[in-house]
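Report on one structure; see the data block that follows.
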Amino acid sequence: MDVKAPATIPYFLQEQIRELIVDGTIRPGQPLREQELEQRFGTSRSPIREALRLLELSGLVTHIQRKGFRVTLYTETQIRHLYMLRAELEAYCLRQLADVTDLSPLVAELRSYDEAIASSMAKRDVRASIAACREFYLASARYTGNTPLTSMLSKLYEQVEPLRFLLARRSIETNTIQTYTHGITQAVAVRDFERAAGLTRTYVLEVLPSIVQVYRDAIEPVRQEAAPRYGRA
């Protein structure tokens with residue numbers, strides 16, 4: 001059932017379109033035609049366009065001159081760059097915790113997210129699992145008080161959210177992330193920040209090939225549609 005929204009709520013529309021992008025209903029590279037979105041949400045073009053602009057700022061949507069908006073389509077090199085940047089920022093963040101005297105509130109928070117990850121994975125709840133993982137890593141960034149770092153990580157997680165959803169949907173039963181989140185929590189608890197940083201980098205390196213593969217599979221229909229067709233009509 002299509003969701004009907006008042007024309008004055010572009011942020012609501014942004015979230016609705018975002019969900020369609022993250023779960024793959026709207027595929028990577030697919031055009032976001034404003035007229036179709038107007039009909040889906042029962043609203044006018046102005047708030048739709050504003051919502052798409054907001055999504056462009058987050059990196060989920062790209063605007064192409066004279067062609068309009070479409071879901072961002074990544075190259076494999078771009079995916080590797082995004083994930084390696086994520087690994088380095090997370091590792092840097094965990095090392096920054098060495099400057100914090102009392103880590104007990106953070107450790108308690110990390111344990112709560114670790115438990116939430118375990119619970120969501122047991123229920124095969126992809127969305128809840130992704131949300132808990134995101135908050136697990138952002139918790140450390142927030143605790144350092146480094147606002148630019150937190151903001152940068154938040155935007156980076158937003159950009160890779162569709163990729164994380166693809167991987168979690170395919171491999172939630174075998175995903176090893178909790179081995180790492182549990183290990184990171186224990187390392188932070190004993191102030192072994194180098195071990196915590198090493199674990200987060202190792203996890204990213206471990207899942208990166210799978211991320212590239214699931215994305216390659218997801219965009220194959222897009223490639224086929226774009227491929228030239230030869231022969232007589």
Side-chain angles (χ1 to χ4, degrees), residues 1-3 11-32 37 40-41 51-52 54-62 69-87 89-90 113-139 141 152-181 200 203-223:
M1 180 183 295
D2 291 344
V3 179
Y11 288 99
F12 173 84
L13 294 171
Q14 174 199 12
E15 187 59 27
Q16 295 299 312
I17 298 169
R18 176 189 177 278
E19 288 300 309
L20 295 173
I21 293 172
V22 169
D23 70 13
T25 300
I26 306 176
R27 296 176 300 179
Q30 186 172 335
L32 292 160
L37 293 171
R40 173 184 280 269
F41 296 108
L52 293 175
L54 290 168
L55 287 164
E56 183 184 18
L57 291 174
S58 74
L60 290 178
V61 165
T62 302
F69 294 95
R70 63 184 58 227
V71 179
T72 298
L73 182 64
Y74 296 115
T75 65
E76 292 182 9
T77 298
Q78 287 173 327
I79 292 172
R80 290 189 176 93
H81 287 168
L82 285 168
Y83 269 79
M84 292 310 299
L85 178 60
R86 168 190 162 178
L89 287 177
E90 288 174 352
Y113 290 131
D114 193 33
E115 291 170 2
I117 293 169
S119 174
S120 59
M121 291 181 71
K123 297 174 183 176
R124 309 293 187 262
D125 188 336
V126 173
R127 290 184 182 278
S129 173
I130 290 175
C133 291
R134 178 188 181 111
E135 291 306 310
F136 177 89
Y137 287 107
L138 283 177
M152 190 175 296
L153 272 173
S154 295
K155 183 172 182 179
L156 183 58
Y157 291 149
E158 183 72 5
Q159 283 184 272
V160 301
E161 194 86 341
L163 306 177
R164 297 173 67 221
F165 189 94
L166 282 170
L167 182 65
R169 184 169 59 185
R170 176 176 291 191
S171 62
I172 194 167
E173 296 178 2
T174 57
N175 197 297
T176 60
I177 189 169
Q178 200 184 10
T179 301
Y180 291 94
T181 55
T200 194
Y203 174 72
V204 171
L205 291 172
E206 178 184 303
V207 300
L208 186 51
S210 297
I211 289 284
V212 171
Q213 184 59 55
V214 295
Y215 192 73
R216 186 184 296 148
D217 294 344
I219 66 173
E220 185 58 32
V222 178
R223 288 174 174 167

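Just so we're clear, the structure is a prediction, and the values are computed from it rather than from any experiment. As a basis for the values below, the full set of heavy atoms in this structure was taken, side chains included, without hydrogen atoms, waters or symmetry mates.
Scanning both residues, Tyr113 and Ala139, for their nearest heavy atoms gives CE1-CB, 4.0 Å. In plain terms, the two heavy atoms of Ile17 and Leu32 that are nearest each other are CG2-CD2, 4.4 Å. What you find for Tyr215 and Pro28 is that their closest heavy atoms are OH-CB, 3.3 Å. Shown here for Cys133 and Ile177, the closest heavy-atom pair between the two residues is SG-CD1, 3.4 Å. In terms of heavy atoms, Phe69 sits closest to Val61 at CD2-CG1, 3.6 Å. In terms of heavy atoms, Met121 sits closest to Arg124 at O-NH1, 2.8 Å.
Checked by atom type and distance alone, the side chain of Thr72 pairs as donor or acceptor with a backbone atom of Gly59 at under 3.5 Å. Looking only at distances, no side-chain donor or acceptor of Ser119 sits under 3.5 Å from a matching main-chain atom of Ala116. Side-chain atoms of Arg164 come within 3.5 Å of backbone atoms of Ile130 as a donor-acceptor pair (strictly under, hydrogens ignored). Distance alone, capped at 3.5 Å, places no donor-acceptor pair between the Ser129 side chain and the Asp125 backbone.
Between Ser154 and Leu138, the closest side-chain pair of non-hydrogen atoms falls below 4.5 Å. No side-chain heavy atom of Ile219 sits under 4.5 Å from any side-chain heavy atom of Arg27. The shortest side-chain heavy-atom distance between Val71 and Leu60 does not fall under the 4.5 Å cut-off. Side-chain atoms of Arg18 and Glu161, non-hydrogen and from C-beta on, do get closer than 4.5 Å to each other. Looking at heavy atoms from C-beta onward, Asp23 lies in side-chain contact with Arg127 at the 4.5 angstrom threshold.
One distance of note links CD of Gln14 with CD1 of Ile21; it measures 9.5 Å at 0.5 Å rounding. To the nearest 0.5 Å, atom CG of residue Leu52 and atom CZ of residue Arg70 are 12.5 Å apart. The line from OH of Tyr83 to CG of Leu156 is 8.5 Å long, rounded to the nearest 0.5 Å. Expressed to the nearest 0.5 Å, how far CD of Gln78 lies from CG of Leu82 amounts to 7.0 Å. Atom CD1 of Ile79 is separated from atom CD of Gln159 by 11.5 Å, given to the nearest 0.5 angstrom. Atom NZ of residue Lys155 and atom CG of residue Leu57 lie 6.5 Å apart, to the nearest 0.5 angstrom.
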Could you pull out every donor-acceptor pair under 3.5 Å between side chains of residues 203-211 and any protein atom, sequence neighbours left out?
{"unit_1": "Tyr203", "atom_1": "OH", "unit_2": "Asn175", "atom_2": "OD1", "d": "3.4"}
{"unit_1": "Glu206", "atom_1": "OE1", "unit_2": "Tyr180", "atom_2": "OH", "d": "2.7"}
{"unit_1": "Glu206", "atom_1": "OE2", "unit_2": "Thr176", "atom_2": "OG1", "d": "2.5"}

